[in-house]
Asks: 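Before I ask anything, let me first share the structure, which is written out below as structure tokens.
Numbers here are sequence positions counted from 1. What's counted below: heavy atoms across the whole structure, side chains too, no hydrogens, waters or symmetry copies.
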Amino acid sequence: MNTPETRAVPTEQPEITAAGIARLAGVGRAAVSNWRRRHADFPQPVGGTATSPAFALREVEEWLRHHGKTARVPLEERAWQLLVAEPGEPSATLVAVGELLLGGAPAGDNPSPASDDLDALRPGRPLREAVAALAAERGTADAFRDLLRRHLTALTVVTTPAETAALMAEIAGPARTVLDPACGAGTLLAAARGPRGGAPRELRGQEKDPALARLAGLRLAMHGAHAVRVDPGDSLLADRHADARVDAVLCHPPANERHWGHDDLAYDTRWEYGLPARGESELAWLQHALARLRPGGTAVVLLPPAVASRRAGRRVRSALLRSGALRAVVALPAGVAPPHGLPLHLWVLTRPDAEAAPAPLVLLVDTVAEYAADDRGGLDWPGLRGAVADAWRAFAEPSGFTEIPGLRRAVPAIDLLDEETDLTPARHLRPAVPGGQALT
């Protein structure tokens, strides 16, 4: 068996772990261990530790080709292995890759400030060549998106799935300016639609993690928006977009936060509908979204189902109903977004126009039973997205809306105002009838 002794190699030689070799060759870790035992010419470790050795990537690739252990290595896999083999933090390397793909341009009009860890590096030549080839094959935006997806998976960062993001963007409709105050990797902003299906004129975001904010800004800068601005920081405690009045807000905020700023923000002007209770951080995010909308603008926010019924939030929910700000609550089946075991809710809100009368009806939709995941764990995304989008379109044209028992209903806001103001859709829908007949 080869010993884990290391030897000197050029400092710019990219390295790869045994797990990376397995991915390159499309085999399991056990196969790589077997190759090391059986083949005396298998490359010797050049770094790492005795239990987790690292090998020179170029030597490994040559060995795999020589022994017929791999076909052509997919460009994405090669680029990713070269990226993680670069010295320094992977986040900083990926930022450098993004800057490279943008031709050295900054990530938007107002990119996140650089830090010591995120200052742009110059990737090694093999990585530059691999990224250029990947971009030529898939396009700049898709190449960076795929590398970012791998990076977030490696870090176990929670992100909003693309299907859910597309549904939220469809409900919000075409918008020239879009904000996500808790944007993460920028998935919701990337899904936003501009007028006539093009890119919005302006994308704004804010994210607590400075590295993630920088990466989101780069990703969005490749999506064709005229202006991109992603700032680091906590939107509730240090809002960097206080001057914004946008067409649409898309948001999947952190849930169940106890330290969101209840004491420090007690007199904040954003709480037009009442100061949220300490345990109601989600209602703070809802009001933050409303405060950043222009009159008539739309916010689509993904929330835990308890927000619709917790007693501590009754007063704020009542105020949202009375003002006409709350337009819809949609119950989605488990699996649409983390936490995947929970059937989440979509809340749709509109910034009230001071000169218009409050909207008298609220749309309630429950897709939990009809579109639950099948035995294999898969969701019927086309059916789910169609049912929700059709309900919202019909609701926007009241003369054409028909109730479907067990699925959707337009309820007078005044009928929801009681001692609980429980907005859970299932509580207010009439029971489903055989054949799914609609009520007119």
Asks: Given side chains that start at C-beta, do those of L363 and R327 come closer than 4.5 Å, heavy atoms only?
Replies: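 Result no, sub-4.5 Å side-chain heavy-atom pair not found.
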Asks: Is there a side-chain contact between T350 and L290, using heavy atoms and a 4.5 Å cut-off?
Replies: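 Side-chain contact under 4.5 Å: no.
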Asks: Is the shortest distance from a Lys or Arg side-chain nitrogen in D243 or R204 to a carboxylate oxygen in the other one below 4.0 Å?
Replies: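 The answer is yes: the pair qualifies as a salt bridge.
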Asks: Does a sphere of radius 6.0 Å around CZ in R176 hold more than 12 heavy atoms from other residues, nucleotides or ligands, not counting ones at 6.0 Å or beyond?
Replies: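 No.
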Asks: Using modelled atom types only, decide if a donor and an acceptor are shared between the side chain of W285 and the backbone of V301 within a distance under 3.5 Å.
Replies: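 Such a contact is absent between W285 side chain and V301 backbone.
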Asks: Could you tell me whether E207 and R240 make a salt bridge, using a distance below 4.0 angstrom between a side-chain N and a carboxylate O?
Replies: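 No, no charged N to carboxylate O under 4.0 Å.
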Asks: Can you name the closest pair of heavy atoms from L379 and A373 and give their distance?
Replies: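 Minimum heavy-atom contact is CD2-N, 3.6 Å.
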Asks: When L407 is tested against each of T367, D366, V388 for side-chain contact (heavy atoms from CB on, under 4.5 Å), which residue passes?
Replies: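 Only one of T367, D366, V388 forms a side-chain contact (heavy atoms from CB on, under 4.5 Å) with L407, namely T367.
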Asks: Heavy atoms, side chains only, cut-off 4.5 Å: are Q287 and P276 in contact?
Replies: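 Sidechains of P276 and Q287: in contact.
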Asks: Run the salt-bridge test on E282 and R310 with the 4.0 Å N-O cut-off and return the result as yes or no.
Replies: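 The answer is yes: the pair qualifies as a salt bridge.
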Asks: Would a 4.5 Å heavy-atom cut-off, applied to side chains only, mark L342 and P305 as touching?
Replies: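 A side-chain contact under 4.5 Å exists here.
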Asks: Looking only at non-hydrogen atoms, find the nearest pair between A213 and V230 and report the distance.
Replies: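 Minimum heavy-atom contact is O-CG1, 3.4 Å.
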Asks: Would you say the side chain of L302 lies within less than 4.5 Å of the side chain of C251, judging by non-hydrogen atoms?
Replies: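 No - every pair of side-chain heavy atoms lies 4.5 Å or more apart.
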Asks: Do the side chains of R408 and D390 get close enough for a salt bridge, i.e. N-O under 4.0 angstrom?
Replies: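 Counted as a salt bridge, because a side-chain N and a carboxylate O are separated by less than 4.0 Å.
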Asks: Between S235 and P181, is there a donor-acceptor pair closer than 3.5 Å when you use the side chain of the first and the backbone of the second?
Replies: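 It does hold such a pair.
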Asks: So does R351 pair up with E272, basic N to acidic O under 4.0 Å?
Replies: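 E272 and R351: salt-bridged.
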Asks: Do the side chains of R128 and L100 get nearer than 4.5 Å, heavy atoms only?
Replies: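 Contact flag for L100/R128 side chains = yes.
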Asks: May I have the step-by-step check of side chain to side chain contact (heavy atoms under 4.5 Å, CB included) for V307 and W347, ending in yes or no?
Replies: CA-CA 10 Å; V307 181; W347 287 47; 3.9 Å; yes
Asks: I need the minimum non-hydrogen distance between T160 and A165, along with the two atoms involved.
Replies: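 Minimum heavy-atom separation between T160 and A165: CG2-N, 4.2 Å.
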Asks: Measuring from atom CZ of R58 to atom CD1 of I16, what distance do you get when rounded to the nearest 0.5 angstrom?
Replies: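 The distance works out to 13.0 Å.
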Asks: Checking R201 side chain against T177 main chain: does a donor-acceptor pair fall under 3.5 Å?
Replies: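 Answer holds: no.
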Asks: Got R36 and F55 here, is their nearest side-chain heavy-atom distance under 4.5 Å?
Replies: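 Side chain of R36 against side chain of F55, heavy atoms only: contact under 4.5 Å found.
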Asks: If you measure from the Lys or Arg side-chain nitrogens to the Asp or Glu carboxylate oxygens, is any gap between R385 and E170 under 4.0 Å?
Replies: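 Judged by the 4.0 Å cut-off on N to carboxylate O distance, R385 and E170 do form a salt bridge.
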Asks: I'd like to know whether E257 forms a salt bridge (charged side-chain N to carboxylate O under 4.0 Å, His left out) with K208, so could you lay out the CA-CA distance, the side-chain angles of the two residues, the decisive distance to 0.1 Å, and finally the verdict.
Replies: CA-CA 14 Å; E257 286 191 320; K208 272 187 177 182; 3.4 Å; yes
Asks: Quick one: do V348 and T298 satisfy side chain to side chain contact (heavy atoms under 4.5 Å, CB included)? Show the steps, please.
Replies: CA-CA 7 Å; V348 185; T298 301; 3.9 Å; yes
Asks: State whether the side chain of R145 and the backbone N or O of R219 hold a donor-acceptor pair below 3.5 Å, judged by distance alone.
Replies: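 Not confirmed, R145 side chain does not pair with R219 backbone.
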Asks: I'd like to know if E280 and R258 make a salt bridge, using a cut-off of under 4.0 Å between side-chain N and carboxylate O.
Replies: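 R258 and E280: not salt-bridged.
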Asks: Return yes if a side-chain donor-acceptor contact under 3.5 Å exists between H67 and D41, otherwise no.
Replies: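 Yes, D41 and H67 have a side-chain donor paired with an acceptor closer than 3.5 Å.
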Asks: If you take all heavy atoms of L265 and W271, which pair is closest and at what distance?
Replies: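 Minimum heavy-atom separation between L265 and W271: O-NE1, 2.7 Å.
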Asks: Within this structure, what is the CZ-CZ distance for the pair F395 and R409, rounded to the nearest 0.5 Å?
Replies: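 The CZ atom of R409 is 12.5 Å from CZ of F395, to the nearest 0.5 Å.
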Asks: With a cut-off of 6.0 Å (strictly less than), are more than 12 heavy atoms of other residues, nucleotides or ligands near CZ of R311?
Replies: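 No.
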Asks: Main chain of R122, side chain of E99: is a donor-acceptor contact present, judged purely on distance under 3.5 Å?
Replies: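 A pair under 3.5 Å: no.
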Asks: Could you give the distance from CG (L94) to CG (L215), rounded to the nearest 0.5 Å?
Replies: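 Here the rounded value is 5.0 Å.
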Asks: I'd like to know if R278 pairs up with D263 as an ion pair, taking the criterion as any Lys NZ or Arg NE/NH1/NH2 lying under 4.0 Å from an Asp or Glu carboxylate oxygen.
Replies: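 So R278 pairs with D263 through a salt bridge.
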Asks: Side chain of T93, backbone of E89: donor and acceptor closer than 3.5 Å?
Replies: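 Answer holds: yes.
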Asks: Would you mind telling me which of T164, L167, V329, L303 makes a side-chain contact (heavy atoms from CB on, under 4.5 Å) with L346?
Replies: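 Single side-chain contact (heavy atoms from CB on, under 4.5 Å) partner of L346 among T164, L167, V329, L303: L167.
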Asks: If only atom types and distance count, is the side chain of H241 paired as donor or acceptor with the main-chain N or O of L179 below 3.5 Å?
Replies: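 Flag not set: sc H241 to bb L179 has no pair under 3.5 Å.
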Asks: Which heavy atom of A255 sits nearest a heavy atom of P304, and at what distance?
Replies: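 Of all heavy-atom pairs spanning A255 and P304, the closest is CB-CG, 3.6 Å.
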Asks: Considering only heavy atoms from C-beta outward, does the side chain of V249 approach that of V178 to under 4.5 Å?
Replies: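 Not touching, per the 4.5 Å side-chain cut-off.
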Asks: Between W35 and V27, is a side chain to side chain contact (heavy atoms under 4.5 Å, CB included) present by the stated rule, with each step listed?
Replies: CA-CA 11 Å; W35 294 342; V27 299; 3.9 Å; yes
Asks: Give a yes or no on whether a salt bridge exists between E76 and R78, defined as a side-chain N under 4.0 angstrom from a carboxylate O.
Replies: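 So E76 does not pair with R78 through a salt bridge.
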Asks: Going from OG on S309 to CG on D422, what distance comes out if it is rounded to the nearest 0.5 angstrom?
Replies: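 It comes to 5.0 Å.
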Asks: Under 6.0 Å between the ring centres of W63 and H39?
Replies: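 Yes: the rings meet the under 6.0 Å criterion.
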Asks: Determine whether a donor-acceptor pair (N or O, by modelled atom type, separation under 3.5 Å) exists between the side chain of R317 and the backbone of E420.
Replies: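 The answer is yes, because a donor-acceptor pair under 3.5 Å joins these two groups.
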Asks: With rounding to the nearest 0.5 Å, note down the distance linking CD1 in I171 to CZ in R393.
Replies: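 Answer for the CD1-CZ pair, I171 versus R393, is 10.0 Å.
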Asks: For R214 and S91, does a side-chain donor sit closer than 3.5 Å to a side-chain acceptor?
Replies: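 Note: R214 and S91 side chains miss the donor-acceptor criterion.
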Asks: Has S281 got a side-chain atom pairing as donor or acceptor with W260's backbone, closer than 3.5 angstrom?
Replies: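 Not at all, since once roles are kept as given, no pair shorter than 3.5 Å links the two residues.
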Asks: Search all heavy atoms of L188 against all heavy atoms of L250 and return the closest pair with its distance.
Replies: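 Heavy atoms only, the tightest pair is O-CD1, 3.5 Å.
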Asks: Assess whether side chain to side chain contact (heavy atoms under 4.5 Å, CB included) is satisfied between F42 and R37, documenting all intermediate values.
Replies: CA-CA 9 Å; F42 192 90; R37 287 195 304 270; over 6 Å; no
Asks: Do the side chain of S52 and the main chain of G48 share a donor and acceptor less than 3.5 angstrom apart?
Replies: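 Not a single qualifying donor-acceptor pair exists.
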Asks: How many angstroms lie between atom NE2 of H288 and atom CG of L293, to the nearest 0.5 angstrom?
Replies: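 With rounding to 0.5 Å, NE2 (H288) is 10.0 Å from CG (L293).
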